[in-house]
Amino acid sequence: MMLLAVNVDLQTDATLQVDISDALSERDKVKFTVHTKSTLPNFKQNEFSVVRQHEEFIWLHDSFVENEEYAGYIIPPAPPRPDFDASREKLQKLGEGEGSMTKEEFTKMKQELEAEYLAIFKKTVAMHEVFLCRVAAHPVLRKDLNFHVFLEYNQDLSVRGKNKKERLEDFFKNVVKSADGVLVAGVKDVDDFFEHEKTFLLEYHNRVKEASAKSDRKIRSHKNAADDINRIASTLYTLGTQDSTDLCKFFLKVSELFEKTRKIEARVAADEDLKLADLLKYYLRESQAAKDLLYRRGRALVDYENANKALDKARAKNKDVLQAETTQQVCCQKFEKISESAKQELIDFKTRRVAAFRKNLVELAELELKHAKGNLQLLQSCLGVLKGDT
Amino acid sequence: ETSKYRSLAGFSSVLFVVLSLVKVFLSQSPEAACLSAEDISPSSNGPRDDDPDDLFAEATEEVSLDSPERQPILSDGPSPAITPVTPVMISPRVDVFDRSPDQDEDEEENRDTFDIQISVSDPEKVGDGMNAYMVYKVTTKTSLSIFSRDEVCVKRRFSDFLGLYSKLASKYMHMGYIVPPAPEKSIVGMTKVKVGKEDLSSVEFVEKRRSALERYLLRTVKHPALLKDPDVLQFLESSELPRAVSTQALSGAGILRMVNKAADAVNKMTIKMNESDAWFEEKQQQFENLDVQLRKLHASVESLVCHRKELSVNTASFAKSAAMLGNSEDHTALSRALSQLAEVEEKIDQLHQDQSYADFYLISELLGDYVRLITAVKGVFDQRMKAWAKWQDAQVMLQRKREAEAKLQYANKPDKLQQATDEIREWEGKVQQGERDFEQISKNIRREVGRFEKDRVKDFRVVIIKYLESLVHTQQQLIKYWEAFLPEAKAIA
């Protein structure tokens, strides 16, 4: 299975290896075959597979988020929902318009749309896989019980999608969080490290969002241009077969050239999508997860400070001091625990990010070069033939 | 700009229906000469059937005009053998002494010494508000003797060009000459310029128009007959030009009207045209197919131009966002690499922009020109049918006059008889003239189409090669940019 390039160095640990070995696309859902290889004693077997759907991944992710024990970690972002609607719509439109185009045109377009569908499919598989691999690579999360159930329990987990009430609750939770987020973000941190991280992440997240949107738009234009070249190639072919002058050979040769160059252009757009657009989208989600971590730490800090104030008040009034002391202890421990793991998480985040960008940017440049050289060679050889003919 | 092609497309589909109706009526004589384009040797300068040394002058049939039952002359021509030495256009009847003045250009100037350069430049706005107009400098450099000077500059406005086309079309189109059409009017484009908007789109509009006017003039003077035309010479040389009137009737709408009239005439033909010369039928079909495909191609290229411009804009926008991302990235080497990526993307955006200009000015405009030219070609075929119809009508009239005379002979009215005899002579003359005109236009069209096709081959070859070279350049630049970036990406530590 194709791995997203962000999946750097996540498959080296033999004690727990997870991948998606197969996937099936049905009308409105995708079934992923999650395959596990593990030497850990927690599992009944060393190697096993289960079938999971997207909702079950979301359930797993949300269970991490809601678990207080994991408050100090960057929770690997949930994979986006598989979305074949656009592709399916296009295939349907093609079917409806079958009568209005020639057999060759229809077959060609059908092949392209099927390839597009397949590409989207591969991508969604990769994104679900990356999520699992991140969890499996995390020293703490990999031990999570829900995760093991997810991997091993070979029945349906029955995690129905959230009902309306629950979705509304989520919505309000998010609203509160963002209001809080503003509050927390406004308080200057004593710790320089965290203060810097806060400033950095807030800005970085927004910039990645912007770059991701712009790169999507750019790639879409590129695909549109490649489609135009496709149509031009077809019309040139027809012209070549019909023309009564020497131009017929000319047109046929140029048509052939454009068929090939447009395939390359389509590949360029696809590679840019994979190496750049997907990278940016992934780090958009990861940077949000990192922000969420900072928020949780911020909340813990506020709780700690409130507990301190309560303790002072209790001591002053000499009432419920023991209780206040206990609360303060708990808050302090919670805050310090989160701070400690958060620091490491954020450092790891940076390492991962730099490595992923490096790998992808290098691969992007290499692919761009490969395609440009391919294009150039096709163009020059065709020019040679055409000029020689005159 | 697609709307003008839609109206022409609508028209051409009407014409196609008309033509196919005509085809239904055609009966092909099995011995009809079937000449395909391969018979036109690219190295010859067109048919030489006026040549007194024409080997086949004797091969044509003498046909008497007195037999009323005779079929229209076209179906009777047997096809003489074509010697491999001199490929010749066979016309049904060659009358070597009937030379009209325009036939001299059959001894066409040797293309290699076609020495005239025309440029349209320096657009200037004259006046203000809605009465403003653009004036262009037209510079002609030539060593040809028909011009009074080696180099002459004049100032012309757009309606002057339309006026020139109108004159040339009315003079030559009915003779079967393919007169290159002038560029389209554009109310929207011109209004922006008049109103004084100095934005990019009005600058582009003026440049597009300037380029189109230049191509129009070059095509016009490439035509050997038009080059010598006094109106053309006056246009290029005289400093003052009388203002062209009723230019609303000209350019795209004007051609439409003129060709529509011919189509109407074709429609109204009561006698079905007996096309025994398959060359014409074949050619008309070929031009019909060419028209359809060129329009399709033009639409796709226009779409490509648009998408490439979009790509350029979106690449620039992405470049900015990548630069911002690089600024906020706190890992130094990665930050630098992202800034470099932004620079690469900025350069690529410029590449896309340049490429889209090439897409447009090389290919799109060429296709637009040829779509308009083919309308002119189709118009010329219609003129031929019109000429045929006129000839047939004259024959019908002659027949009627003869019948009237015969009746009068029995009725014994001597004075009316004389008048009837005079009228017969008059109509005999008209029939002869009609036949001559029809043959002349047929001959002219064969020659014009040969010339047109030669030019078309050359134009497309030259332009497509130039275009491919522009694509090569783009790829070479891309390679340069990415090769410079790769080490930066690898340097991220």
Side-chain angles (χ1 to χ4, degrees), chain A residues 196 200 203-204 206-208 210-215 217-222 224-225 227-229 231-232 234-236 238-239 242-247 250-251 254 257 261 276 280 350 353-355 357-358 361-362 364-366 368-369 371-373 375-376 379-380 382-383 386-387 389-390, chain B residues 36-38 42 282-283 286 289-290 293-294 296-297 299-301 303-304 306-308 310-315 317-318 320-322 324-325 327-331 333-334 337-338 341 345 453-454 456-457 460-461 464-465 468-469 471-472 475-476 478-479 482-483 485-486 488-490 492-493:
Chain A
H196 165 82
F200 162 70
E203 194 186 55
Y204 187 79
N206 288 336
R207 303 258 171 111
V208 165
E210 181 90 4
S212 173
K214 298 278 164 73
S215 91
R217 232 175 291 172
K218 174 172 83 100
I219 289 166
R220 211 176 3 248
S221 297
H222 213 137
N224 287 341
D227 285 342
D228 289 326
I229 298 176
R231 272 186 284 266
I232 290 172
S234 293
T235 313
L236 280 174
T238 312
L239 271 170
Q242 283 177 356
D243 206 289
S244 55
T245 67
D246 286 343
L247 280 181
F250 208 79
F251 285 144
V254 177
L257 169 72
T261 60
L276 198 54
L280 293 169
K350 181 163 168 174
R353 180 174 83 243
V354 172
F357 268 80
R358 183 189 189 280
L361 288 176
V362 167
L364 174 71
E366 285 173 346
E368 294 271 5
L369 272 171
H371 294 317
K373 286 183 179 156
N375 249 341
L376 180 66
L379 286 165
Q380 282 174 329
C382 182
L383 260 176
L386 293 179
K387 281 182 175 167
D389 267 354
T390 44
Chain B
S36 60
E38 281 77 61
E282 210 177 291
K283 277 299 161 195
Q286 281 171 5
N289 294 341
L290 189 60
Q293 295 306 321
L294 285 185
K296 215 164 141 193
L297 191 59
S300 298
V301 173
S303 177
L304 177 63
C306 183
H307 286 137
R308 246 208 258 272
E310 240 175 58
L311 177 58
S312 160
V313 165
N314 288 341
T315 306
S317 162
F318 171 71
K320 283 202 194 80
S321 72
M324 300 275 280
L325 184 64
N327 280 346
S328 67
E329 171 60 65
D330 67 348
H331 184 276
L334 178 55
L338 285 170
L341 179 69
E345 293 287 346
E453 291 286 75
K454 255 176 83 177
R456 179 167 76 90
V457 170
F460 272 81
R461 264 216 189 109
I464 289 181
I465 286 181
L468 292 184
E469 284 171 347
L471 291 176
V472 163
Q475 296 303 316
Q476 284 169 333
L478 276 176
I479 290 173
W482 286 110
E483 271 177 352
F485 174 72
L486 188 55
E488 294 288 341
K490 286 188 169 157
I492 303 170

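Computed from heavy atoms alone, side chains included, the values below leave out hydrogens, waters and symmetry copies. Bear in mind the structure is a predicted one, so any value in this text is a computation, not a measurement. Residue numbers begin at 1 in each chain, while the letters A, B, ... track the order of the sequences.
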Is it the backbone or the side chain of [X] that comes under 4.5 Å from a heavy atom of chain B, or both, or neither?
X	value
A:K350	side chain
A:Y204	both
A:I219	neither
A:V354	both

Inter-residue atom distance [X].[atom1] - [Y].[atom2], 0.5 Å rounding:
X	Y	atom1	atom2	value
A:L383	B:L468	CG	CG	4.5 Å
A:D227	B:S300	CG	OG	10.5 Å
A:L236	B:K296	CG	NZ	11.0 Å
B:K490	A:R358	NZ	CZ	8.0 Å
A:L376	B:I479	CG	CD1	5.0 Å
A:N375	B:L471	CG	CG	8.5 Å

Heavy-atom proximity to chain A below 4.5 Å, by part of B:L304: both
Per-residue contact mode, B:E345 against chain A (heavy atom under 4.5 angstrom): side chain
Lys/Arg-Asp/Glu bridge criterion (N-O < 4.0 Å) met for A:R207, B:E329: no
Steps toward side-chain contact (heavy atoms from CB on, under 4.5 Å) verdict (B:F318, A:L280): CA-CA 12 Å; B:F318 171 71; A:L280 293 169; 4.1 Å; yes
What option among [options] has the most heavy-atom pairs under 4.5 Å with chain B?
options	value
A:T235, A:I229, A:L361	A:T235
A:E368, A:R353, A:E366, A:R217	A:E368
A:E203, A:H371, A:Q380, A:Q242	A:Q242
A:A211, A:A213, A:C382, A:S212	A:A211

B:R461 vs A:D246, side-chain contact (heavy atoms from CB on, under 4.5 Å): CA-CA, chis, key distance, verdict: CA-CA 10 Å; B:R461 264 216 189 109; A:D246 286 343; 3.7 Å; yes
Distance-only side-chain donor-acceptor flag, B:Q286 / A:S244, under 3.5 Å: yes
Distance-only side-chain donor-acceptor flag, A:H196 / B:D330, under 3.5 Å: yes
Which atom of A:L369 lies closest to which atom of B:E483, heavy atoms considered: CD2-CG, 3.5 Å
Minimum heavy-atom distance B:F485-A:A365, with the two atoms named: CD2-CB, 3.9 Å
Using side-chain heavy atoms (C-beta onward) and a distance below 4.5 Å, is [X] in contact with [Y]?
X	Y	answer
A:E210	B:M324	no
A:D243	B:R456	yes
A:D228	B:V301	no

Pairs of heavy atoms under 4.5 Å with chain A: top-ranked of B:L294, B:L478, B:L297, B:L290: B:L297
Contact winner vs chain A - B:E310, B:H331, B:E453, heavy-atom pairs under 4.5 Å: B:H331
Any residue meeting ring pair (Phe, Tyr, Trp, His ring centres under 6.0 Å) with B:F460, in chain and number order, not counting sequence neighbours: A:F251, B:Y370
